[in-house]
Visitor: 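Please read through the structure below; I'll follow up with questions.
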2 protein chains.
Amino acid sequence: MLSHKAKYALKALLYLAEQDENHISKTIEIAEGANIPKKFLEQILLDLKRGRFVSSKQGKFGGYYLIKSKNDITLAEIHRLFDGAIALLPCASLNFYERCLDCKTEEECSLRHGLMIIRDETLKAMHNITIASLITK
Amino acid sequence: MLSHKAKYALKALLYLAEQDENHISKTIEIAEGANIPKKFLEQILLDLKRGRFVSSKQGKFGGYYLIKSKNDITLAEIHRLFDGAIALLPCASLNFYERCLDCKTEEECSLRHGLMIIRDETLKAMHNITIASLITK
DNA sequence: ATAAAATCTATCAATATAGTAGAGTTTTGA
DNA sequence: TCAAAACTCTACTATATTGATAGATTTTAT
């Protein structure tokens, strides 16, 4: 399941993608427009900024705006940024690999192979879900 | 990610599936064979019993054994039993549906459609991973 | 009866989640 | 230059979940 953070992040990105080009959105606008607790959203937007999905302008008339095309922001990326690995176990993960400590046979645990198949399928599907695809549903 | 419970459940089922027909396995055997904390495994086996994947015999010479074909036990089922919904949000779930409370438009949240696509893909893949398929990897 | 095994219920520590609070910094325009 | 508006940063908190452990109870075979 997605965390609330990841869900809110997607909704915030969706909100930003629906604004006019060059429009800059204040946190409070996004919060109200997408129904997200404002103070929580502040943290999420900072995370999205660190992830280089959005950028911001401080001070009066400041706010947030997309710096990545809505066609290039995928569910996979947002999942990884907020919820980590897409694979079902760390030993089957591409980006968050860790050895299973409870596996006797060092490299290959009995589940790893099957879970890598799932990972590849899920990843492929998650890569196709972009912010743009969510708008034009 | 899978919980330890779900992971241990899969490993326990794998262990049981690898035993001779009619063999009955004591918890301690499974625990040592699959490297799972014994007391924790006890709970997991009871869950698997309630889920009708295994059955048990009490008393001396008792233990656990599969009552479902290893070809019919899928990752999807084990995920649902121990970790719940396969979908990324409750509003996109088949078996654990709940409305998104933060969605303004009652029935359709902006993410639902995309997440249902992911769910279908993941589910299809998870359905193909069976205990049998994990053995003959 | 006794030993071996499953079963049941309770408890616990550590961690993650979902937020809230408030002070600090930057920018703008009057 | 000053104040308001906005982002930024750090800390805190309540609650739930996870990953176990402990111990008493019940069942069965010999």
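Remember, it's a predicted structure, so these values are computed and weren't measured experimentally. Naming: A, B, ... by sequence-line order, numbering from 1 per chain. Atom set for the values below is all heavy atoms of this structure, side chains included, hydrogens, waters and symmetry mates excluded.
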Visitor: Would a single hydrophobic cluster contain both B:I78 and A:M116, if residues Ile, Leu, Val, Met, Phe, Trp and Tyr are joined by side-chain heavy-atom contacts under 4.5 Å?
Guide: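 Different clusters.
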Visitor: Grab the CE-C1' distance between B:M1 and D:dT17 for me, whole Å please.
Guide: 16 Å
Visitor: Mind calculating the distance between CG (A:D83) and C1' (C:dT17) to the nearest angstrom?
Guide: 11 Å
Visitor: Does the D:dG23 base have a donor-acceptor partner in the side chain of B:K39 within less than 3.5 Å?
Guide: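 Indeed there is one.
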Visitor: Are A:K68 and A:E77 close enough for a salt bridge, meaning some N to O gap below 4.0 Å?
Guide: yes
Visitor: Which pair of non-hydrogen atoms, one from B:E18 and one from B:I135, has the smallest distance, and what is that distance?
Guide: CG-CD1, 4.0 Å
Visitor: For C:dT7 and B:Y64 - does any side-chain N or O of the residue sit under 4.0 Å from the phosphate oxygens OP1/OP2?
Guide: yes
Visitor: Side-chain N or O of A:Y8 versus OP1/OP2 of C:dG19: is the shortest distance under 4.0 Å?
Guide: yes
Visitor: Just to confirm, is there a sub-4.0 Å distance from OP1 or OP2 of C:dT28 to any side-chain nitrogen or oxygen of A:K57?
Guide: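 Affirmative; the distance criterion is met.
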Visitor: Round to a whole Å and report the spacing from NZ of A:K49 to P of D:dA6.
Guide: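 Rounded to the whole Å, the gap is 16 Å.
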Visitor: Below 4.0 angstrom from OP1 or OP2 of D:dT17, is there any side-chain N or O of B:S3?
Guide: no
Visitor: Assuming nearest nucleotide by heavy-atom distance, tell me which of A:K60 and A:F40 is located more 5' along DNA chain C.
Guide: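 It is A:F40 whose nearest nucleotide is closer to the 5' end.
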Visitor: How many angstroms lie between CD1 in A:I86 and OG1 in A:T122, if you round to the nearest 0.5 Å?
Guide: 8.0 Å
Visitor: Distance check needed: C:dA18 C1' versus A:I44 CD1, whole Å only.
Guide: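 Between C1' of C:dA18 and CD1 of A:I44: 9 Å.
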Visitor: How close or far is atom P of D:dA22 from atom CG of B:L41, stated in whole angstroms?
Guide: 16 Å
Visitor: Whole Å only: how far is the CD atom of A:E42 from the P atom of D:dA5?
Guide: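 It works out to 15 Å between those atoms.
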Visitor: Heavy atoms from C-beta onward define the side chain here; which of D:dG19, C:dG19, C:dT7 lies closest to that of A:P37?
Guide: C:dG19
Visitor: Here's a test of your reading of the structure: between A:F61 and B:L2, which maps to the more 5' nucleotide of DNA chain D?
Guide: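 Counting from the 5' end, the first nearest nucleotide belongs to A:F61.
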Visitor: Find which nucleotide of DNA chain C each of A:Q43 and B:I28 is nearest to by heavy atoms, and output the residue with the more 5' nucleotide.
Guide: B:I28
Visitor: Any luck finding a side-chain donor-acceptor pair between B:T130 and B:N71 under 3.5 Å?
Guide: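 No, no side-chain donor-acceptor pair sits under 3.5 Å.
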Visitor: Can a side chain N or O of B:R50 be found less than 4.0 Å away from OP1 or OP2 on C:dC8?
Guide: yes
Visitor: Taking OP1 and OP2 of C:dA6, is either one under 4.0 Å from a side-chain nitrogen or oxygen of B:T27?
Guide: yes
Visitor: Could you give the NE2-to-C1' distance, from A:H4 to C:dT20, as a whole number of Å?
Guide: 16 Å
Visitor: Write down the distance between CD1 (B:I36) and P (D:dT21), rounded to a whole number of angstrom.
Guide: 13 Å
Visitor: Side chain of B:L46: nearest nucleotide among D:dA20, C:dT26, C:dT7?
Guide: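 The closest nucleotide is C:dT7.
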